[in-house]
2 protein chains.
Amino acid sequence: MSTETRAVDAGSPGDGGPIRVAQVEIRPSEGLALVAGRAVSLSVRELELLSALALRSGHVVARDELFSNVWGGPLRSGDRSIDVYVHKVRQKLEAAAPGWSFIHTHIGFGYRFAPEPMA
Amino acid sequence: MSTETRAVDAGSPGDGGPIRVAQVEIRPSEGLALVAGRAVSLSVRELELLSALALRSGHVVARDELFSNVWGGPLRSGDRSIDVYVHKVRQKLEAAAPGWSFIHTHIGFGYRFAPEPMA
DNA sequence: ACGGTCCGTGAACGGGATGTGAACACTCGT
DNA sequence: ACGAGTGTTCACATCCCGTTCACGGACCGT
């Protein structure tokens, strides 16, 4: 047993079922996420991004894979949309749960979703 | 059973499959390592170095062999990259598992990967 | 003890990847 | 037509990575 990899209590991974990881619950059908009991309202893209990451909680999701999952096409070189949206989602999550970080950067690879106390 | 040589639960040694040795799990494809359940983020080089060592867990890997495995060329005399990277990886591993040492120096030969409690 | 070699470790450097705030355009409801 | 919300792009700031240097300690043979 390692660490993560199974803290996800999702219904159907692919579609609209709620996703739960630790103190985070995502309800794609409502455009809503609950973090530490607090409601966080997210836009469509933000929700899709967060879902794509949370569905692989504990694993690093590659940049291009993330992009094709959320944006639905190949990642053009120079496109910074991912960075911008990761930033937006981070802001909202950390505003709801101060002292915790959720989306971790793995330079050259991608991002990893995992609720962890800040260093 | 004595000590070494078979604690590696790797899939295919050569490529991206996860490598597991004792409390250390390495996922080359994700740029991620798990130590004692903690996620350790490693750079590409660091990951490659750790993988090269862990794939031969319990055995001393020669300096030049290590270099050609990771850097992909002959080791030039005076090149200290290996030392620097061993140091970086040691730091990160021991930060994740205090009291344990993982990479052992064999002067004049090379390095040996083996999780052991500190002296 | 001596000198030479090997290794540990911190720091500096240039290039590249990512973080971040702002401007811009587009859609939608009113 | 207007404003609010959203998605994209840009520009600049910041951080990280890989390499190399510098210094010092550890180990070796003599």
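Chain letters run A, B, ... following the sequence lines, proteins first, then strands; residues in each count from 1. Every heavy atom of this structure was used, including side-chain atoms; hydrogens, water molecules and symmetry mates were not.
- Note: CD1 (A:Ile82) to C1' (C:dT18) measures 12 Å, nearest angstrom.
- In this entry the distance linking CG of B:Leu75 with C1' of C:dC6 reads 12 Å, nearest Å.
- By the side-chain hydrogen bond (donor to acceptor under 3.5 Å, both in side chains) test, A:Glu65 pairs with A:Arg56, sequence neighbours left out.
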request  = Any chance you could lay out the side-chain contact (heavy atoms from CB on, under 4.5 Å) test for A:Val61 and A:Phe109, step after step, and finish with the verdict?
outcome  = CA-CA 7 Å; A:Val61 182; A:Phe109 291 91; over 6 Å; no
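- Atom CG of B:Leu66 sits about 5.0 Å away from atom CG of B:Leu53, to the nearest 0.5 Å.
- In this structure, CD of A:Glu48 is placed 12 Å from C1' of D:dG7, rounded to the nearest angstrom.
- Atom pair B:Leu49:CG and D:dT19:C1' shows a separation of 15 Å (rounding to whole Å applied).
- With rounding to whole Å, B:Arg76 atom CZ is found 12 Å from D:dG18 atom C1'.
- Within 4.0 Å of A:Val84, counting heavy atoms only, lies at least one base atom of the nucleic acid.
- Regarding contacts with the backbone of C:dT20, a side-chain N or O of A:His87 is found under 4.0 angstrom from either OP1 or OP2.
- For the OP1/OP2 pair of D:dG18 and a distance below 4.0 Å, the side-chain nitrogens and oxygens of B:Ser43 include at least one atom meeting the criterion.
- For residues 65-97 of chain B, the ring-ring contact (aromatic ring centres under 6.0 Å, His included) pairs, not counting sequence neighbours, are B:Phe67-B:Trp71, B:Trp71-B:Tyr85.
- Annotation: proximity of residues 64-73 of chain B to DNA chain C (heavy atom, distance under 4.0 Å) is found for no residue.
- A:Arg90 comes within 4.0 angstrom of the backbone, heavy atoms only, and of no base.
- Residue B:Phe109 contributes atom CZ, which lies 12 Å from atom C1' of D:dC28 at whole-angstrom precision.
- The residue among A:Gln91 and A:Asp83 whose nearest nucleotide of DNA chain C is located toward the 5' end is A:Asp83.
- Within the 4.0 Å cut-off from OP1 or OP2 of C:dG19, at least one side-chain nitrogen or oxygen of A:Thr105 is found.
- What separates CD1 of A:Ile107 from P of D:dT14 is a distance of 16 Å, to the nearest Å.
- Residue A:Arg80 has no polar side-chain atom (N or O) positioned under 4.0 Å from OP1 or OP2 of C:dG19.
- Applying the 4.0 Å criterion to OP1 and OP2 of D:dT19, one finds that B:Arg45 has a side-chain N or O inside that range.
- Contact annotation for A:Tyr111: backbone-only contact, meaning every heavy-atom pair under 4.0 Å involves sugar-phosphate atoms and none involves a base.
- Taking a cutoff of 4.0 Å between a charged side-chain nitrogen and a carboxylate oxygen, A:Arg63 and A:Asp83 qualify as a salt bridge.
- In the model, B:Thr105 has a side-chain atom that pairs as donor or acceptor with a side-chain atom of B:Arg90 under 3.5 Å.
- The closest side-chain donor-acceptor pair between B:His106 and B:Arg112 falls under 3.5 angstrom.
- Rounded to whole angstrom, the span from the CG atom of A:Asp79 across to the C1' atom of D:dG7 amounts to 11 Å.
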